[in-house]
There are 2 protein chains.
Amino acid sequence: MERDTKQRRAIREVFTREHRPLSTDEVLAAGRMLVPSLGIATVYRNINSLSDEGWIHSVELPGEPARYERSGKPHHHHFICRGCGLAFDIAACPADVERLAPPGFAVDAHELVLYGHCPGCRQA
Amino acid sequence: MERDTKQRRAIREVFTREHRPLSTDEVLAAGRMLVPSLGIATVYRNINSLSDEGWIHSVELPGEPARYERSGKPHHHHFICRGCGLAFDIAACPADVERLAPPGFAVDAHELVLYGHCPGCRQA
DNA sequence: TAGCTCTTGATAATCGATTATCATTAACAT
DNA sequence: ATGTTAATGATAATCGATTATCAAGAGCTA
């Protein structure tokens, strides 16, 4: 992955536009708006190289295949809409999460996932 | 699944003893302590039927295959140990989780996962 | 305890996700 | 503009998880 191809540019553009974790299918669909010939293998290859570079990283949500988002964002959590299935960023974080574990457990990270309906799906 | 077999009794016994979400491999290993001939297919079959009955239910944690735990416990969360990989129950729950979503988002459920080291793995 | 048939255990098959293959296309250095 | 070769796209192969198959074993009823 050294050459600056239009496919790679399109994939980077997709991640730059959407500030939320994207599945491989979402990257493929959005990327095809920019490069119609884009194939799923190229999506996987570029997601892997962009991850290796640290430009994106994977976001694992319960019971679903990995999504990916732009690296460097401040600490945040995610919301999954039961209507459209999209994952959204949530800036807020509950306080004192580390205190929730019983004595003897050392907490070094945490993940919070909210479920419900996004603004668009609430009305439909 | 109508007959009361020793395999099925062993699998129920495993879930009754361990108050935390168990992977299929954990159920197999613990079940073999009680019934050495136990096979993985029987574990899957009984997990499915016990789930259908509502006696257990699946617990999805980020990036991992489903675990299962006894139904009927009060609301709680989970801790995953980076040392041994086991999932533990956490009784506590952060307050006001629903308020963390931006206006327009309707939250109806949430999951919190803590990561770190369990008491046993902290010392090793 | 005999017999019916559900359950088990070994393993082949399947499933969704991801990676490998390979002929073709296209960056980019000269 | 051209040659080199990395990247692409179609799709076959693979991977881990789960389900299906089927002969053998064991609950349960009479």
Side-chain angles (χ1 to χ4, degrees), chain A residues 1-15 21-69 78 80 84-87, chain B residues 1-15 21-69 78 80 84-87:
Chain A
M1 290 295 179
E2 300 162 17
R3 295 181 182 177
D4 184 28
T5 66
K6 60 180 184 295
Q7 289 85 351
R8 187 173 176 77
R9 279 194 302 275
I11 290 168
R12 265 194 303 237
E13 174 66 20
V14 167
F15 280 108
L22 302 175
S23 68
T24 53
D25 283 352
E26 287 178 276
V27 173
L28 178 64
R32 279 182 167 164
M33 299 288 126
L34 304 171
V35 178
S37 69
L38 185 64
I40 188 63
T42 297
V43 168
Y44 274 104
R45 273 188 299 250
N46 278 282
I47 281 178
N48 285 341
S49 64
L50 290 170
S51 292
D52 292 345
E53 294 171 17
W55 198 83
I56 58 175
H57 62 269
S58 72
V59 174
E60 300 280 2
L61 297 173
E64 319 207 19
R67 288 176 168 84
Y68 301 86
E69 67 178 2
H78 298 104
I80 300 180
C84 57
L86 297 185
Chain B
M1 290 295 177
E2 301 161 16
R3 292 182 183 177
D4 185 27
T5 66
K6 60 180 184 294
Q7 290 86 351
R8 186 174 177 78
R9 279 194 303 273
I11 290 168
R12 266 195 302 238
E13 174 66 21
V14 167
F15 279 109
L22 303 174
S23 68
T24 53
D25 283 353
E26 288 178 274
V27 174
L28 178 64
R32 278 182 170 164
M33 298 288 126
L34 304 171
V35 178
S37 68
L38 186 63
I40 188 64
T42 297
V43 169
Y44 275 104
R45 273 187 298 249
N46 279 281
I47 280 178
N48 286 341
S49 63
L50 290 170
S51 292
D52 291 346
E53 295 171 17
W55 198 83
I56 59 174
H57 62 268
S58 73
V59 175
E60 301 279 2
L61 297 172
E64 319 205 20
R67 288 175 168 83
Y68 301 86
E69 67 179 3
H78 298 104
I80 300 179
C84 57
L86 297 186

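No experiment lies behind these values; they were computed from the predicted model shown. Note that these values count all heavy atoms, side chains included, but never hydrogens, waters or copies made by symmetry.
Distances shown here put every side-chain N or O of B:Asn46 at or beyond 4.0 Å from the OP1 or OP2 atom of C:dT7. The shortest distance between the side-chain N/O atoms of B:Thr42 and the OP1/OP2 oxygens of C:dG9 is below 4.0 Å. A close approach under 4.0 Å does occur between a side-chain nitrogen or oxygen of A:Gln7 and OP1 or OP2 of D:dG9. Put simply, B:Thr5 has a side-chain N or O that comes within less than 4.0 Å of OP1 or OP2 on C:dT8.
No side-chain heavy atom of B:Leu50 sits under 4.5 Å from any side-chain heavy atom of B:Tyr68. Side-chain contact between B:Leu34 and B:Gln7 is absent, with no heavy-atom pair separated by less than 4.5 Å.
Distance check, rounded to the nearest 0.5 Å: CG of B:Asp52 to NE2 of B:His57 gives 14.5 Å.
Of the charged side-chain nitrogens involved, at least one lies within less than 4.0 Å of a carboxylate oxygen, so that A:Arg12 and A:Asp4 count as a salt-bridged pair.
Atom pair B:Arg8:CZ and D:dA26:C1' shows a separation of 16 Å (rounding to whole Å applied). Note: NZ (A:Lys6) to C1' (C:dT25) measures 8 Å, nearest angstrom. Rounded to an integer number of Å, the gap from A:Ile47 CD1 to D:dT8 C1' is 15 Å.
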Salt bridge (charged side-chain N to carboxylate O under 4.0 Å, His left out) between B:Arg8 and B:Glu53, worked out: CA-CA 13 Å; B:Arg8 186 174 177 78; B:Glu53 295 171 17; 2.3 Å; yes

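Contact between B:Val43 and B:Thr24 at its shortest, heavy atoms only, is CG1-O, 3.9 Å.
For D:dT5, the base has a donor-acceptor partner in the side chain of A:Arg3 [N/O atoms by modelled type, under 3.5 angstrom]. A donor-acceptor contact under 3.5 Å is formed by the side chain of A:Arg45 with the base of D:dG9.
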Protein-nucleic acid N or O pairs under 3.5 Å, nucleotides 15-19 of chain D:
unit_1, atom_1, unit_2, atom_2, d
D:dT18, OP2, B:Tyr44, OH, 2.5
D:dT19, OP2, B:Asn48, ND2, 3.1

